[in-house]
Every structure is written in structure tokens, then in C-alpha cells.
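Reviewing the structure listed below.
The shown structure was predicted, so the numbers you read here are calculated from the model rather than taken from an experiment.
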Amino acid sequence: LHTPMYFFLLNLSLLDLGCISTTLPKSMANSLWDTRAISYLGCVGQVLSLAIFMSAEYSVLTVMAYDRYVAICRPLHYGTLLGSRACVRMGAAAWISSFPNALLHTGNTFSIPLCQGNVVEQFFCEIPQILKLSCSHSYLREVGVTVVTACLVFGCFIFIVMSYVQIFRAVLRIPSEQGRHKAFYVCLPHLAVVSLFVSTTMFAYLKPPSVSSPALDLVVTLLYSVVPAVWNPLIYSMRNKELQNALKKLI
């Protein structure tokens with residue numbers, strides 16, 4: 001299992017664990033103790049941690065698209081383009097690049113005056129819900145930062161789409177039906193996770209206030225903060241025969 005694909009899956013699993021650990025434990029504790037309180041520093045920590053993990057996860061998903069492109073379209077160069085050093089560098093770049101974006105959003109969000117109370121209508125401290133408490137003239141600053149981030153996200157999404165266009169072209173040229181089925185089986189789950197992650201995140205952060213409601217906000221937040229973290233182990237581990245065999249061998 002010491003291959004580039006599983007190296008990136010390891011990073012993805014750690015990021016999913018980080019996302020879940022940032023939001024759900026505090027929410028579960030509040031439910032058990034019948035309270036909704038969180039300290040100011042705790043709220044800042046939640047926003048910063050979730051922004052780091054989500055930014056890094058999206059970078060890892062982008063790198064995984066490149067891994068599949070090289071594996072299917074340029075298999076003879078796979079060992080050269082995705083050696084151990086290259087994988088470590090790409091993994092490190094995904095983690096490190098998430099910190100500036102997270103610090104920018106966190107610092108900008110909590111530098112805005114909150115003049116409409118201190119009640120966040122969500123099960124964790126979410127930037128769109130915090131911005132609802134801000135003064136209207138200060139709101140545009142965070143919107144500008146969000147739009148810049150959305151452009152970067154869209155650029156990565158275009159890279160992923162172009163990678164899969166090349167992948168599907170190569171797969172359709174495979175003469176064996178079993179080979180085509182195997183290639184699609186490997187690629188489609190990753191593409192589904194990327195589509196769900198990007199669409200729900202952008203909708204949560206860019207939707208106009210006119211279409212906002214507590215129920216809709218809760219569903220969208222669950223879709224981008226919890227569902228991918230739960231879904232990824234199912235599609236990458238439970239359905240993967242190599243991981244199943246490795247687990248049986250370990251047991």
C-alpha cells in the first residue's frame with residue numbers, strides 16, 4: 001500500500017478526521033449538557049481549524065486528480081512523475097498552502113464588528129453565520145475575500161475537470177470492456193466527492209441572504225462539513241479490495 005494513491009488517501013483520511021473532530025465533539029457535548037455556549041477563543045479555533053482542514057482537503061483532492069491522470073494517461077511515466085519525493089512535496093504543499101487562506105478568512109471574519117448579538121444559528125461556528133451578526137458596511141470586506149477564494153477553488157476545479165476529460169478520452173480508447181469498467185470504477189467516486197464538496201461549499205458561502213433559512217443552512221452545512229468526511233472512507237476503503245485484504249492480513 002506504499003504507493004502514491006494510498007499516500008494521498010492517508011492525507012485525505014487525516015483531513016477528514018480533523019474536519020469531524022473540529023465540529024462534532026463540541027456539538028455532541030452541547031447536546032449532552034443541554035447548552036449552546038462556546039467561548040470566543042473556541043469559536044475562533046473552530047473557524048481556523050475547519051478552514052485549514054477544508055482548504056488542505058480540496059488541495060489533496062486536486063492532487064489526487066493529477067495522480068489518476070498520470071496513472072491512466074501516462075502510465076509509463078508514473079514512477080518518474082509521482083515518485084516518493086514528488087508525493088511528499090505535493091502533500092506538504094497541500095497542507096502548507098491551507099494556512100494562509102485559513103488565517104486570512106479567520107482574521108478578517110473576527111476583525112469585523114459584531115453588532116447584532118452573539119447567537120450563531122448553526123451547530124458550530126460557521127463564517128456565513130458569523131457574518132450575519134456583523135454590521136452591514138463591514139460585510140463586504142469578507143465577501144471580497146470569499147470571492148477571491150472562490151476563484152482559486154474554481155481554478156482547481158477546472159484543473160480537475162480537464163484532468164478527467166483527458167482520463168475519459170484515454171479510458172474510451174481501452175479495447176477491453178473490463179478495463180474500461182475498472183478505470184471508471186476508480187475515477188467516478190473521486191469525481192463525485194469533488195463535485196459534492198465544491199458545490200455545497202460554494203453554495204454555503206456565496207448564496208444570497210434571500211434564499212437563506214435555518215433548515216436549508218443546516219442541510220448545506222452538513223453536506224460540506226460532515227458528509228464528505230463520512231463518505232470518503234466508504235468509497236475509498238470499504239469498497240477497496242486491496243485495503244480489505246491488508247486489513248484481513250493485519251488481523
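- Expressed to the nearest 0.5 Å, how far CD1 of Ile160 lies from CE of Met64 amounts to 10.0 Å.
- Under the disulfide (SG to SG under 2.5 Å) criterion, Cys43 pairs with Cys125, sequence neighbours left out.
- Here Ile72 contributes atom CD1 and Ile167 contributes atom CD1; the two are 5.0 Å apart, rounded to the nearest 0.5 Å.
- Under the rule for a side chain to side chain contact (heavy atoms under 4.5 Å, CB included), the partners of Val165 that lie at least two apart in sequence or sit in another chain are Val161, Arg169.
- The hydrophobic cluster containing Tyr40 also contains Leu133, counting ILVMFWY residues as joined when their side-chain heavy atoms lie under 4.5 angstrom apart, directly or transitively.
- Atom CG of Leu41 and atom CD of Gln46 lie 12.0 Å apart (nearest 0.5 Å).
- With sequence neighbours left out, the side-chain hydrogen bond (donor to acceptor under 3.5 Å, both in side chains) criterion links Tyr164 to His190.
- Every pair passing side-chain hydrogen bond (donor to acceptor under 3.5 Å, both in side chains) that includes a residue from residues 76-97 is listed here, sequence neighbours excluded: Asn11-Trp95, Asp67-Tyr78.
- Under the 4.5 angstrom side-chain criterion for Ile, Leu, Val, Met, Phe, Trp and Tyr, the cluster partners of Leu103 are Leu48, Ile52, Phe99.
- For the pair Ser98 and Ala56, the tightest heavy-atom approach, listed with the atom from each and the gap, is CB-N, 3.5 Å.
- Hydrophobic side-chain contacts under 4.5 Å tie Ile158 into a cluster, directly or through other members, with Phe154, Met162.
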Run the numbers on Leu82 and Tyr66 for side chain to side chain contact (heavy atoms under 4.5 Å, CB included), then give the verdict.
CA-CA 10 Å; Leu82 288 171; Tyr66 176 71; 4.0 Å; yes
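- Under the side chain to side chain contact (heavy atoms under 4.5 Å, CB included) criterion, Asn30 pairs with Lys26, Thr35, sequence neighbours left out.
- No single ILVMFWY cluster, assembled from side-chain heavy atoms under 4.5 Å apart, contains both Leu152 and Leu50.
- By the side-chain hydrogen bond (donor to acceptor under 3.5 Å, both in side chains) test, Thr221 pairs with Gln122, Glu126, sequence neighbours left out.
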Please report the C-alpha distance between Val47 and Phe110 in whole Å, then the side-chain angles of each, then the deciding distance to 0.1 Å, and finally whether the side chain to side chain contact (heavy atoms under 4.5 Å, CB included) criterion is met.
CA-CA 10 Å; Val47 171; Phe110 288 95; 3.9 Å; yes
Starting from the C-alpha separation in whole Å, work towards a yes-or-no answer on side chain to side chain contact (heavy atoms under 4.5 Å, CB included) for Phe123 and Arg36.
CA-CA 8 Å; Phe123 65 94; Arg36 297 186 63 187; over 6 Å; no
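- Leu222 and Leu24 fall within a single hydrophobic cluster, where Ile, Leu, Val, Met, Phe, Trp and Tyr side chains are chained together by heavy-atom contacts under 4.5 Å.
- In this structure a side-chain-to-backbone donor-acceptor pair under 3.5 Å is present from Ser13 to Leu10.
- Here Leu81 contributes atom CG and Tyr69 contributes atom OH; the two are 9.0 Å apart, rounded to the nearest 0.5 Å.
- Apart from Leu17 itself, the hydrophobic cluster it occupies contains nothing, where clustering links Ile, Leu, Val, Met, Phe, Trp and Tyr at side-chain heavy-atom distances under 4.5 Å.
- Looking at residues two or more places apart in sequence or on another chain, you find no side chain to side chain contact (heavy atoms under 4.5 Å, CB included) involving Ala93.
- Connection of Val120 to Ile38 is not established within any shared hydrophobic cluster, with ILVMFWY side chains joined at heavy-atom distances below 4.5 Å, either directly or through further cluster members.
- Legend: residues meeting side-chain hydrogen bond (donor to acceptor under 3.5 Å, both in side chains) with Ser225, ordered by chain and number and at least two apart, are absent.
- For Cys156, the side chain to side chain contact (heavy atoms under 4.5 Å, CB included) partners at least two apart in sequence or on another chain are Tyr58, Thr62.
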